[in-house]
Amino acid sequence: MKKETLFQQKVWKAMDLIPKGKVTTYKEIAKFLNTKAYQAVGSAVGKNPNAPKTPCHRVVNSDGRVGNYSGKGGVKRKIELLKNEGVEVKEGKIADFENKMFYFNKSS
DNA sequence: TACATGACTATCC
DNA sequence: GGGATAGCCATGT
């Protein structure tokens, strides 16, 4: 049985804070966790065992690109999910990216 | 313990 | 602007 590391749990929890219709970047998550492991974050997200519970599709690249997706339909599926939540995607990129961009609230 | 890999980002050409 | 290279941290083998 694979033991999830604390790092992954933090990442999933952070994604859970993303409101519907909004998207965030791996960089923001890493920053929220007080780290620079963008790649580690991406890896953790890809390994998320709480797929339906964790809105991994709301996480995109810093360029506004949808990035990748380990789900069934791959990136295609990710885009559909985003569109379904009100986020328009064009050519694998988020429309009005900065507008839909969501920043974590470190000081609560 | 050491090397290789990755749902990334930034820089150089 | 587009493609390739390097740097980054954590995980897996």
Side-chain angles (χ1 to χ4, degrees):
Chain A
M1 145 149 179
K2 313 252 196 279
K3 183 170 101 122
E4 304 91 37
T5 65
L6 180 65
F7 199 86
Q8 292 176 176
Q9 294 180 39
K10 281 195 204 162
V11 174
W12 305 328
K13 209 168 279 221
M15 289 194 297
D16 199 48
L17 302 175
I18 307 171
K20 176 187 162 203
K22 291 265 186 173
V23 294
T24 193
T25 67
Y26 296 97
K27 196 170 74 177
E28 278 301 310
I29 294 178
K31 227 165 28 173
F32 177 67
L33 299 180
N34 226 21
T35 182
K36 307 195 226 65
Y38 325 110
Q39 227 171 345
V41 171
S43 290
V45 174
K47 287 166 186 150
N48 80 354
N50 310 325
K53 184 178 185 244
T54 306
C56 38
H57 55 269
R58 286 184 195 152
V59 187
V60 298
N61 291 8
S62 64
D63 293 82
R65 285 243 182 210
V66 184
N68 226 312
Y69 189 65
S70 294
K72 196 163 176 179
V75 183
K76 213 175 153 53
R77 175 69 175 158
K78 184 168 177 177
I79 293 172
E80 284 197 39
L81 286 167
L82 287 169
K83 283 183 147 191
N84 192 37
E85 296 198 346
V87 180
E88 205 169 330
V89 181
K90 298 284 193 185
E91 302 286 313
K93 297 176 279 294
I94 305 294
D96 298 315
F97 173 56
E98 301 192 12
N99 192 37
K100 312 267 198 232
M101 182 57 184
F102 166 74
Y103 295 91
F104 288 95
N105 182 20
K106 288 190 264 188
S107 355
S108 97

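Each chain gets a letter, A, B and so on, in the order the sequences are listed, and its residues count up from 1. Since this is a predicted model, take the numbers as computed values, not measurements.
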So which protein nitrogen or oxygen atoms get under 3.5 Å of nucleotides 10-13 of chain B's nitrogens or oxygens?
residue: B:dA10; atom: OP1; partner: A:K27; partner atom: NZ; Å: 2.9

Check: protein-nucleotides 2-6 of chain C nitrogen or oxygen pairs below 3.5 Å:
none

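Here B:dT9 is the nucleotide among C:dT11, C:dC9, B:dT9 with the atom lying nearest to any side-chain atom of A:Y26. Checking C:dC9, C:dT11, B:dA7 against every side-chain atom of A:K36, the shortest atom distance belongs to C:dC9.
Following rounding to the nearest Å, A:N34 (CG) and C:dC9 (P) show an atom-to-atom distance of 13 Å. Distance A:L33 CG to C:dT11 P: 12 Å, rounded to the nearest Å. Atom-to-atom, NZ of A:K93 to P of C:dG1 comes out at 13 Å; the value is rounded to the nearest Å. Atom CE of A:M15 is separated from atom C1' of B:dA7 by 10 Å (rounded to the nearest Å). Per the geometry, CG belonging to A:L81 stands 18 Å off P belonging to B:dA7, to the nearest Å. Remark: P of C:dA10 and NZ of A:K10 are 9 Å apart, rounded to the nearest angstrom. Computed from coordinates, the A:W12 CH2 to C:dA10 C1' distance equals 13 Å when rounded to whole Å. Remark: C1' of C:dG12 and CD of A:Q8 are 11 Å apart, rounded to the nearest angstrom.
We find the CG-SG distance between A:L81 and A:C56 to be 8.5 Å, quoted to the nearest 0.5 Å.
By the salt bridge (charged side-chain N to carboxylate O under 4.0 Å, His left out) test, A:K31 pairs with A:E28, sequence neighbours left out. In this structure A:T5 satisfies the side chain to side chain contact (heavy atoms under 4.5 Å, CB included) test together with A:F7, A:Q8, sequence neighbours excluded. By the side chain to side chain donor-acceptor pair (under 3.5 Å) test, A:Q39 pairs with no residue at all, sequence neighbours left out. Residues meeting the side chain to side chain donor-acceptor pair (under 3.5 Å) test with A:K10, sequence neighbours left out: none.
The phosphate of B:dA7 (OP1 or OP2) has no side-chain N or O of A:S43 nearer than 4.0 angstrom. When the side-chain nitrogen and oxygen atoms of A:N61 are compared with OP1 and OP2 of B:dT9, one or more of them lie within a distance under 4.0 Å.
Sorted by first then second residue, the salt bridge (Lys or Arg N to Asp or Glu O under 4.0 Å) pairs that include residues 12-25 of chain A, not counting sequence neighbours, number zero. Within the structure, ring pair (Phe, Tyr, Trp, His ring centres under 6.0 Å) pairs that include any residue of residues 60-87 of chain A do not occur (at least two apart or interchain). Note on residues 13-32 of chain A: pairs passing ring pair (Phe, Tyr, Trp, His ring centres under 6.0 Å), not counting sequence neighbours, are A:F32-A:F104. Within the structure, the salt bridge (Lys or Arg N to Asp or Glu O under 4.0 Å) test picks out the following pairs touching residues 45-63 of chain A (sequence neighbours left out): A:R58-A:E85.
Ranked by how close their nearest DNA chain C nucleotide is to the 5' end, A:T5 and A:Q39 are led by A:Q39.
Counting only heavy atoms from C-beta outward, the side chains of A:V66 and A:N61 never approach each other to under 4.5 Å.
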Donor-acceptor contacts under 3.5 Å from residues 87-98 of chain A side chains, at least two apart:
residue: A:E88; atom: OE2; partner: A:K90; partner atom: NZ; Å: 3.2
residue: A:K93; atom: NZ; partner: A:E91; partner atom: O; Å: 3.1

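At the heavy-atom level, A:F7 lies under 4.0 Å from the strands shown only through sugar-phosphate atoms.
Across every non-hydrogen atom of A:A44 and A:W12, the tightest pair is O-NE1, 3.0 Å.
Contacts between residues 65-75 of chain A and DNA chain B, defined by a heavy-atom separation under 4.0 Å, are made by A:N68, A:Y69, A:S70.
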